[in-house]
Amino acid sequence: MTNILTISKNINLLNEISALLDEYQLQHCSFIYKNEDETINFIKENNFDIVLADSEIEEYTILLKKIKNIDLENNIFTLLLYDKDNFNNINNDSTGFIDAFIQKPVLKNILISTVNSYLKIKKNIDKFKSDNKELNKSLYQLDVLYNTSSQLSGNLDGEKVYEIMFETLEKTLSFNTAAALMYCTPNKYNKTDSNRLIIHSLKKPENNVLEILKEKLIQHAKEYNNTDSSLLNTSNITTEEHIKPSYQNEEYDIKLLSYDKLAAPIRVKDKTFGVILIYRNKPFAKEDVVCFQSIVHQVASYLRAIRLYDEIKNANVELKKLERIKSEFVSIVSHELRTPLTPINLSLNFLSNEESSPNAKKAVDMAKRNVTRLTGIIEDLLDLSRIETGKFSFDYKKYNIKASLDLAYKTFEGQAKGKNIEFSVTQDENLPDIYADPKRIDQILTNITNNAMKFTPNGGKITINATTINADDVKNQNLIDPIEIPKGEYIHISIKDTGLGIKDGDIYKIFNKFSQIENSLTRNAGGIGLGLTITKNFIDAHLGSVWVISEENKGSDFNIIIPVFSDVKAFSISLNESKKTTDTTSLITMESNKDLTDFINILKEENIIKTLKNSNEILYTKNNSFIYKIYFKNLQKSALDFITAQIKEKINLYINSPIGQSYDIVLEKDVFNKEDEIHPL
């Protein structure tokens, strides 16, 4: 490469400069100046670092300015050769385009030292520009990698991951063609055995080039010692091509394969998803290799996460299917077991009333006890099956828990006396009402008290106590699967015994299905471990919670909370028969002590009210209650029934739970009095 150019009309000067530069083996070139355009064109066609211009050239200032502007990125240093007598005549404006001045006659040491200095400066500037360019490129690649990570984060779509990979490689490495062979491993969830060749390219590769790319990718797969490579062949690979629209009519021939290339397995740890190969008509730098490997590894990590997610998702589907089959099986078997128990029990009752020997009566009584026990087990299985399939129904109503406490005492009083257990039930006076299914509350108390009776030895003590407790007193308890405890009051029931007790690590296990703490007393007590599971589900269904305080060999204290019925928050559902108030008018009235505005707006947004013609409405307050009335003109009774049914359905959706919170819908004949306060809708 010629570094130095000397321009002059004086051939002797050109020869003199040339001889001096030759002596120091500096690359150079001489040019006899004729005109400005010819000189500029010559410089553009060649690559010079330094230009020595003779001041005898006319308009040398303009010439040097144009030389400086030829390539602003690769700066050319300009040195002016001048006569001592003419130095004062040098145009001051030219100093901005002249880097150095060398006096004629030219002294060897001055010329060489000046030229070498600017060659070193040029070299340092070029290195700085190169380093800066590489730095900018690295920063750009890092920025793209960061954005790629953001795009991939949380992405569970494999196709999207491939798309992001090719897009990132194109931004950072500017490839001509990228070919990725993606393995598709058949499994129980994915039966396909077709591997995919995905091509992203500026131009479409010719068919013979595509076949060679397949062979190369298969070869790379074998080089990477991939376990799936033995399954690869060109016949089981489908091709997907993504060509730039502007190059649709152009093709890459065999020359593409002579471009610089990078190849890598798309692999993380022991999991390989494929192989990628990219070609570029410019050489790849070391930084490009690092960037390429980083992108491929990053993509492989996300593909592995997606694969694991899909496996877990498919496994969960399979587990749910098995769980459903199991529940259905348990339900069917339980029903089939219960069917013959009824006539068996009747037969045993008949035999117990007949005259027979003492041994026969004893055998009948034992059979009856076992039938009762088996019936209880079957009922537990049926309850669990209904709960798991969502078919368990609750009959909620406002009632006082005192009735359930009395029943619990009567149920276990005899059993306690038989074991000489001190058994008592206490409660606060004037316990507030709850909104619950009394039958299920009875079952909750029965299951826990029955456990206490089983595991409390003779001469022990069992107490049931019911009080009112505030939500703030619950928040510090170790709740089993804690619910979000809202503000307000709860009925707190404590069932405390002096029995076997439970280890700290086992407390959470006792509410699991078919779970029993293994010890000799547990085996003697029997049971299949469903009572507390069903109890926990019933407590959850009442928006309640449970915690257990226990110490091994000293006893357990089961604590249950059920929300108190609140007249401020709760309303009883009472949808009376829809009917016309007159021959032409139908009326629906909703009344509560809670503002109905939001609920009415929901009815309007759903077009339950809004679309009806000839309807009038009024919302007002009376005796601290909100009352909403809507009048329908010429409305058939069937339509009125339909509307009230829709409103009732919306009530169930609008309120978070059917427990303790609903609206009272009543049909009325009267309208409203003038003294009633109108409440704006």
Novice: Would a 4.5 Å heavy-atom cut-off, applied to side chains only, mark Met165 and Ile266 as touching?
Specialist: yes
Novice: Any side-chain heavy-atom pair from Tyr252 and Thr177 closer than 4.5 angstrom?
Specialist: yes
Novice: Can a donor-acceptor pair be found, under 3.5 Å and without considering hydrogens, that links the side chain of Asn176 to the backbone of Asn281?
Specialist: yes
Novice: List for me each residue that meets side chain to side chain contact (heavy atoms under 4.5 Å, CB included) alongside Ser301, sequence neighbours excluded, and say none if there are none.
Specialist: Val268, His297
Novice: For Ala285, is there any backbone N or O sitting under 3.5 Å from a side-chain donor or acceptor partner on Asp288?
Specialist: yes
Novice: Please give me the minimum heavy-atom distance between Ile199 and Ala179, naming the atom from each residue.
Specialist: CD1-CB, 3.5 Å
Novice: Taking the side chain as C-beta and beyond, is there a heavy-atom pair between Leu213 and Leu181 under 4.5 Å?
Specialist: no
Novice: Ignoring hydrogens, what is the shortest heavy-atom contact between Ser545 and Ile539? Give both atom names and the distance.
Specialist: N-CG2, 3.4 Å
Novice: Could you work out, with salt bridge (charged side-chain N to carboxylate O under 4.0 Å, His left out) as the rule, every residue matching Lys554, not counting sequence neighbours?
Specialist: Glu551
Novice: Identify the two heavy atoms, one from Tyr183 and one from Ala221, that lie closest to each other, and give their separation to 0.1 Å.
Specialist: OH-CB, 3.0 Å
Novice: To the nearest 0.5 angstrom, please state how far the CD atom of Glu241 sits from the CG atom of Leu197.
Specialist: 8.0 Å
Novice: Residues in salt bridge (charged side-chain N to carboxylate O under 4.0 Å, His left out) with Glu250, at least two apart?
Specialist: Lys203
Novice: If I take atom CG from residue Leu256 and atom CG from residue Leu202, how far apart are they, to the nearest 0.5 angstrom?
Specialist: 10.0 Å
Novice: Please determine which of Lys222, Met182, His220, Arg267 meets the side chain to side chain contact (heavy atoms under 4.5 Å, CB included) test together with Val275.
Specialist: His220
Novice: Side chain of Arg280, backbone of Lys282: donor and acceptor closer than 3.5 Å?
Specialist: yes
Novice: Are there over 12 heavy-atom neighbours, none belonging to Asn208, within less than 6.0 Å of that residue's CG?
Specialist: yes
Novice: Are Lys122 and Lys120 side-chain neighbours, meaning at least one heavy-atom pair lies under 4.5 Å?
Specialist: no
Novice: My understanding is that only residues two or more places apart in sequence, or in another chain, count here; which of them pass side chain to side chain contact (heavy atoms under 4.5 Å, CB included) with Ile469?
Specialist: Asp473, Val474, Tyr490, His492, Ile561
Novice: Just checking, is any N or O donor in the side chain of Ser494 or Asp557 under 3.5 Å from an acceptor N or O on the other one?
Specialist: yes
Novice: Mind checking whether Tyr162 and Arg196 have side chains closer than 4.5 Å, heavy atoms only?
Specialist: yes
Novice: Does anything in residues 253-266 pair up under side chain to side chain donor-acceptor pair (under 3.5 Å), and if so which pairs, sequence neighbours excluded?
Specialist: none
Novice: Side-chain contact test, heavy atoms from C-beta onward, threshold under 4.5 Å: evaluate it for Glu163 versus Lys160 and give yes or no.
Specialist: yes
Novice: I'd like to know whether Ile212 forms a side chain to side chain contact (heavy atoms under 4.5 Å, CB included) with Ile254, so could you lay out the CA-CA distance, the side-chain angles of the two residues, the decisive distance to 0.1 Å, and finally the verdict.
Specialist: CA-CA 9 Å; Ile212 295 174; Ile254 200 70; 3.4 Å; yes
Novice: I'd like to know if Lys216 and Glu211 make a salt bridge, using a cut-off of under 4.0 Å between side-chain N and carboxylate O.
Specialist: no
Novice: If every non-hydrogen atom of Ile493 is compared with every non-hydrogen atom of Leu445, which pair is closest and at what distance?
Specialist: CG2-CD2, 3.9 Å
Novice: Distance from Arg440 atom CZ to Asn537 atom CG, nearest 0.5 Å?
Specialist: 12.0 Å
Novice: May I have the step-by-step check of side chain to side chain contact (heavy atoms under 4.5 Å, CB included) for Glu170 and Lys244, ending in yes or no?
Specialist: CA-CA 12 Å; Glu170 184 179 0; Lys244 293 292 182 182; 2.8 Å; yes
Novice: Can you measure from CG (Asp497) to NZ (Lys454) and round to the nearest 0.5 angstrom?
Specialist: 13.0 Å
Novice: Checking side chain to side chain contact (heavy atoms under 4.5 Å, CB included) for the pair Ile495/Asn451: CA distance, chi angles, key distance, verdict?
Specialist: CA-CA 10 Å; Ile495 303 175; Asn451 268 5; over 6 Å; no
Novice: State whether the side chain of Asn559 and the backbone N or O of Val548 hold a donor-acceptor pair below 3.5 Å, judged by distance alone.
Specialist: no
Novice: Taking the side chain as everything from C-beta on, heavy atoms only, tell me whether His200 gets closer than 4.5 Å to Phe175.
Specialist: yes
Novice: To the nearest 0.5 Å, how far apart are CG in Leu262 and OH in Tyr279?
Specialist: 10.5 Å
Novice: Mind checking what makes salt bridge (charged side-chain N to carboxylate O under 4.0 Å, His left out) contact with Glu552, not counting sequence neighbours?
Specialist: none
Novice: So, for Phe273 and Arg307, which heavy atoms are closest and what is the spacing to 0.1 Å?
Specialist: CD2-NH2, 3.3 Å
Novice: Using side chain to side chain contact (heavy atoms under 4.5 Å, CB included) as the criterion, point out the one residue from Ile441, Ile491, Ile448 that pairs with Ile560.
Specialist: Ile448
Novice: Side-chain contact, heavy-atom cut-off 4.5 Å: Leu479 with Val546?
Specialist: no
Novice: Output, in order, the C-alpha distance, side-chain angles, deciding distance and verdict of side chain to side chain contact (heavy atoms under 4.5 Å, CB included) for Glu251 and Val209.
Specialist: CA-CA 10 Å; Glu251 290 186 339; Val209 176; over 6 Å; no
Novice: Of all heavy-atom pairs between Ser550 and Gly555, which one has the smallest distance, and what is that distance?
Specialist: OG-O, 3.2 Å
Novice: Output the distance between atom CZ (Phe284) and atom CZ (Phe292), rounded to the nearest 0.5 Å.
Specialist: 8.0 Å
